[in-house]
Participant: 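Please see the structure below; I have some questions.
These figures come from a predicted structure and were not determined experimentally. When reading the values below, keep in mind they use all heavy atoms of this one structure, side chains included, and skip hydrogens, waters and symmetry mates.
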Amino acid sequence: MAPGICVPDVPAESIRSLVSVTESYDDTLRFYLNGTKVVLDSADPEVTLLEYLRGIGLTGTKLGCAEGGCGACTVVVSQFNPTTKNIYHASVNACLAPLVSVDGKHVITVEGIGNTKQPHPAQERIAKSNGSQCGFCTPGIVMSLYALLRNDPSPSEHDVEEAFDGNLCRCTGYRPILDAAQSFSVERSCGKAKTNGGNGCCMENGNGRCCKDGIDADSQPIKKFTPPGFIEYKPDTELIFPPALRKHEFKPLAFGNKQKRWYRPVTLQQLLEIKSVYPSAKIIGGSTETQIEIKFKAMQYNVSVFVGDIPELRQYSFEKDYLEIGGNVVLTDLEKISKEAVKHYGEARGQPFTAILKQIRYFAGRQIRNVGTPAGNIATASPISDLNPVFVASNAILVAKSLDKTTEIPMSEFFKGYRVTALPPDAIIASLRIPAAREKGEYMRAYKQAKRKDDDIAIVNSALRVALSDAYTVDSVDLVYGGMAPITVAAKKAVAYLQGKKWTDPSTLEGVMNALEEDFDLRFGVPGGMATYRKSLALGFFYKFYNEVLSELKAEEAIEIDSQAIGEIERIISTGEKDHDSSKAYTQKILGSERPHVAALKQCTGEAQYTDDIPVQKNELYGCLVLSTKAHARLLSVDPSPALELPGVVDWVDHHDLPSPEANWWGAPSCDEVFFAVDEVFTAGQPIGIILADSVKHAEAAARAVKVEYEELPAIFTIEEAILNESYFEHHRYIDKGDVEKAFQEADHVFTGIARMGGQEHFYLETQACVVVPKPEDGEMEIFSSTQNPAETQAYVAQVCGVAANKIVSKVKRLGGGFGGKETRSIQLAGICAAAANKARRPVRCMLNRDVDILTSGQRHPFLAKWKVGVNKDGKLQALDADVFANGGWSQDLSAAVCDRALSHIDGVYLIPNVHVRGRIAKTNTVSNTAFRGFGGPQGMFIAETYMSEVADHLGIPVEKFRDINMYKPGEITHFNQELKDWYVPLMYQQVQDESDYARRRAEIEEFNKTHKWNKRGLALIPTKFGISFTALFLNQAGALVHIYHDGSILLAHGGTEMGQGLHTKMTMIAAEALKVPQDAVFISETATNTVANTSSTAASASSDLNGYAIWNACAQLNERLAPYREKLGPDASMKQLAHAAYFDRVNLSAQGFYKTPDIGYVWGPNTGQMFFYFTQGVAAAEVEIDTLTGDWTCRRADIKMDVGRSINPAIDYGQIEGAFVQGQGLFTTEEMLWHRASGQIFTKGPGAYKIPGFRDVPQVFNVSLLKDVEWENLRTIQRSRGVGEPPLFMGSAVFFAIRDALKAARAQFGDEEILHLQSPATVERIRVSCSDPIIQRSRVEPGEGEKSFFVAI
């Protein structure tokens, strides 16, 4: 493949004239950074702001996705806004912003607003409110909040709720971040508010107005309330906008080298001169599209022109019949202008601007809206642009200017083909004239449906406009859609049909629907997929519009209006409650108390160091993987020579560079995978080799230049294909209890079904990363890897370097999230980088781009189960028989253990006397699937709740009652013959119903569903039990090392890694309690193989149990040695005094602790021995509302109760519960992994296509509590606590089953009483196509003969 698509080949005379036009341009970049002036005389035009900041050591700003989709790189750029004539503090994505775009502006990073000694209130409140777990996303979230407060020191609750729509977090579940941020809102920071101990603010007391609004101007100002323990927020102490920038002279700038030139004109005339001599120059506004093209599509633009600092293009004016906006007004300003326009023209005439406002609200995130522009949106000509349909439908006129002429182009004629427009090559989009609507008889609305509400690209959007005469006949009409064709397109047949028709005639609707079916007759395999769904949206949007218009007509004749089709689901401001008294009964001095994560403040200030933040080593090289692009193929040849000729490239490393062919093999427990492909590739994304270069960009360019020739072979993707081809790994496990066949013969009913669920991408915010430093002696090497498994990293690095493990030290300070994805898959990158460093004898660094991480690092296993259930008339389960299949991908990895855990959790929480379940692992040509929070448990329990739901429907009894009838009772035995001790699921099942008012809400929902045709609500109550222990017996062990120093300080090392779950926080609490010292006297530096050897991976929710007891054991030894000194010096003696005395008596102040889990040891086959040490239990209730016309939905409420035993730290446990629940909600709803059928590659390889839940996806009311007032007599863990990392995840399925409940009501509405088989995830598409209304029925698209879908869900 070529190093990059070069655009374009330009004659030399054009370049010469460009030089002459721009020879007077300046070449110095001047801006301020965190209050300090920066002058750069040689700025590289290809460098992004993020690369510059991290390059100078400001590593608080993180790289999460490089496409502006996660917000980890958010910084604030303060500037004088030429549109509003005010200073505006814009949150922007530093990964997209070109460095050269910040001239004349003030860049503020997370380091610039505070540090751990003097934090900014935003940093402190997020830290203390437990709003930071792994912390990788936190600096970006802090900066979004900072931007909000800088622009409005007293934001409304609504402003706060929407401030983070461009940020993602994978750990927290968002609730604590929102709570921290809301403490700044005007409603919650009022000193009079009831929540703050006052008598109620004016709004609460029904005055309807706030006393701060200037009504009581003479009275004393109300003091802003600062929550106890927090720093007061004083806006007047913020970094000022540098006075020098107020008078900064914006000069035309020119930067660059032979490869690339960058120009920054500051007048329209200068821009037109450049375009005139160099028409193909790339115009850049917000760089939100261009940077992605450069990064991911390897586009190279020789000449780029930044137009963001041309004031003439950022003006607007209200004319008599239209609003004229400059092409480069940023979308945030367009939002404000549209609000002004609605006021200026009035509601009726302002309808086009209301439509714009609606589309902008869900247009990307705030960081993109702060830099993106209408001109950029129009020029890129995306077929799914949210604004272009509005511009076309409103009959806007585009004003294009070139040096010698001005052209007016109607927007309806602008889009010519996919990404092709009518804009002359030498012209730019100067402005847009958007007509106001007629005062009377004109109606316009805009619609959009995406996978996720906030910050998501549309699946289908539309702008629909009609003008009616007094007699309600159609004068003019525009029905414009995005997402239905390669361009923004009008529904021509529907428009033609409507001309002259009477809107109030009932036959008009049917006629338009028929015409729309012809306009959008999508075939089954249409690019982008979802043919049925997209067609139903086109019809559904018009149905909504038709009825909305009818409802506004004051027609005299009686017309039937479907008023329930009008409107959309709206969310309220989200809230949540926790029980902070749950641990009161057993709180000790330290253990049992709520304490923040020990690194939270460091994470909020950007001081916490992650792998790629480690300062660059001398002579360091950067690695870039060369990956297979084919799903299954023979490697005919691999030629790195074109890459090695490129500048900065040092070496190519592949399997030939390993000490032996055997050293290439890795994988646990089955060593069936290679670090480097040899003769054959088995999946797209399999590493073939690695390029080493002196910079990341040079390495990436060279990796694209490596020539690989393939001979393609047949590939298998799905479980169904694997079953058909009998493609399995050699793993046959089963659990057999009782006599299943006899039970089926005797049961009153036997039902069968299929449960199917997709996989899930880990989407930890920090991608796989490692830094390898070879030492000059004895083959020693130091590995800094973002891994959950330092010991296995050490073992395989030793193997690829051909040395003993004692020469290798594997270290990790912290991970930016793991969730199982860094348990084994991190070893692939570490092994490859170590092999490269060993060959080059130089340090090697590699942090994967998000797309490469997704291509190479595996996911949660998709599952399919064919089940058969026997049940009696009384509702008692008699037998379960199931064949369970997991999609393992191309290598086995941990698939066997995942499949085993699914088999052990397939009973859910239900007693089934006779069980025979069998597990197989499908071998496919997809990414090798791996550990993911829950590790097969959620899949097994999903199968259980699927058969419970469907069997209850067959029997015609409420599923809640059916669960209750079959729920295990204390002391009963599971299908793998383990007795249930300390069993509290039945108790919590009742408590959650009582505390959440379940019965009353169930009755209300039934009433709601009777009276609402299109919107339906659903409710679900899901219990869970999760077995805690590694199923591989040998892994249930841990070590710890505790040093006490002279000064009384304590250094603690243990085998667990900190990845946001608060493990280090809990471990320091345990050591502090054991040694009777304050928690801050105990410090954990890192996890390393040279302090604690032979560690198990941090996984299975068992790390607190294992490492906690090992630490307790070490501390017990130290306490024994210190006992004489405690006796001698008295109970008040400090650790410093004790240590001092002991040291001078030559007492060992270091101790090594060890622990292994007792009693366990299950034997597969005979079904004997104890599988798990105990079970963590919980119950969740969830309520949803769905819009069946679009598939849109929201979670109205969730109530969770967990039994975590005696919590070591309830604040940490609450964070785990909320985060796991939201991650589980994502697994079962929005997160759908898709493969592109034609290429065999993953399509969903970044936040643009793969949708984890965002801030506005959390339950609107989110209540969490811990079980209390019970005894845990049989729990023999540290502090009698239970593991909590994985168990709550499955409870997110309560949202899925609530959606299923709502869908049952939706189907019944139209007479469909068939059993609903709902696959997971319940995406908006799946929700819509599961309905049975006439609109979806007429939209169904069937495949033609041999026709296959565009995407594959594996």
Side-chain angles (χ1 to χ4, degrees), residues 590-591 668 787-795 805-806 808-812 823 1028-1045 1050-1058 1061-1077 1082-1123 1142 1147-1162 1169-1170 1172-1174 1205 1208 1275-1283 1285:
I590 292 171
L591 293 179
T787 181
Q788 293 170 239
N789 203 344
E792 203 167 311
T793 302
Q794 174 194 30
N806 63 0
I808 308 295
V809 179
S810 170
K811 297 182 171 187
V812 57
E823 185 175 345
I1028 304 291
S1029 289
F1030 286 97
T1031 43
L1033 182 64
F1034 67 90
L1035 293 173
N1036 294 284
Q1037 58 173 307
L1041 184 62
V1042 182
H1043 297 311
I1044 302 176
Y1045 291 100
I1050 294 150
L1051 182 66
L1052 173 58
H1054 61 91
T1057 60
E1058 176 58 61
Q1061 82 282 40
L1063 181 62
H1064 283 358
T1065 306
K1066 286 186 174 182
M1067 297 304 99
T1068 54
M1069 288 173 72
I1070 288 168
E1073 186 77 58
L1075 295 171
K1076 301 183 178 64
V1077 296
V1082 184
F1083 180 65
I1084 297 174
S1085 170
E1086 62 189 1
T1087 307
T1089 53
N1090 60 349
T1091 52
V1092 179
N1094 309 318
T1095 57
S1096 299
S1097 61
T1098 305
S1101 304
S1103 301
S1104 289
D1105 294 352
L1106 296 170
N1107 295 292
Y1109 249 138
I1111 288 164
W1112 192 263
N1113 172 254
C1115 291
Q1117 297 170 44
L1118 291 167
N1119 278 332
E1120 201 177 315
R1121 295 173 203 164
L1122 292 173
V1147 170
N1148 182 2
L1149 291 175
S1150 294
Q1152 188 203 15
F1154 181 76
Y1155 173 75
K1156 61 178 182 179
T1157 312
D1159 303 340
I1160 53 174
Y1162 178 78
Q1170 184 175 320
F1172 301 113
F1173 195 38
Y1174 61 87
I1208 292 170
L1275 199 54
R1276 291 182 296 142
T1277 55
I1278 186 81
Q1279 167 77 2
R1280 293 198 181 179
S1281 65
R1282 295 191 197 265

Participant: Given side chains that start at C-beta, do those of Y1174 and R1276 come closer than 4.5 Å, heavy atoms only?
Facilitator: no
Participant: For Q1152, I'd like to know if atom CD has over 12 heavy atoms of other residues, nucleotides or ligands within 6.0 Å.
Facilitator: no
Participant: Are any non-hydrogen side-chain atoms of F1030 and T1157 less than 4.5 angstrom apart?
Facilitator: no
Participant: Evaluate the side-chain proximity of F1083 to I1050: yes if any heavy-atom separation is below 4.5 Å, no if none is.
Facilitator: no
Participant: Has T1089 got a side-chain atom pairing as donor or acceptor with S810's backbone, closer than 3.5 angstrom?
Facilitator: yes
Participant: Less than 4.5 Å apart, side chain to side chain, heavy atoms only: is that true for D1105 and N1036?
Facilitator: no
Participant: Under the side-chain contact (heavy atoms from CB on, under 4.5 Å) test against T1087, which residue among T787, L1063, T1057 passes?
Facilitator: T1057
Participant: Is it true that a side-chain atom of T1277 and a backbone atom of S1281 form a donor plus acceptor pair closer than 3.5 Å?
Facilitator: yes
Participant: Taking salt bridge (Lys or Arg N to Asp or Glu O under 4.0 Å) as the cut-off, I'd like each qualifying pair that reaches into residues 1068-1077, sequence neighbours left out, listed once.
Facilitator: none
Participant: Quick check: are there more than 12 heavy atoms from other residues, nucleotides or ligands sitting under 6.0 Å from CG of D1159?
Facilitator: yes
Participant: I'd like to know if the side chain of R1121 and the backbone of S1150 have a donor-acceptor N/O pair within less than 3.5 Å.
Facilitator: yes
Participant: Report yes or no: does N1113 contribute a side-chain atom to a donor-acceptor pair with the main-chain N or O of Y1109 at less than 3.5 Å?
Facilitator: no
Participant: Could you tell me whether the side chain of Q1061 reaches within less than 4.5 Å of the side chain of S1104, counting heavy atoms only?
Facilitator: no
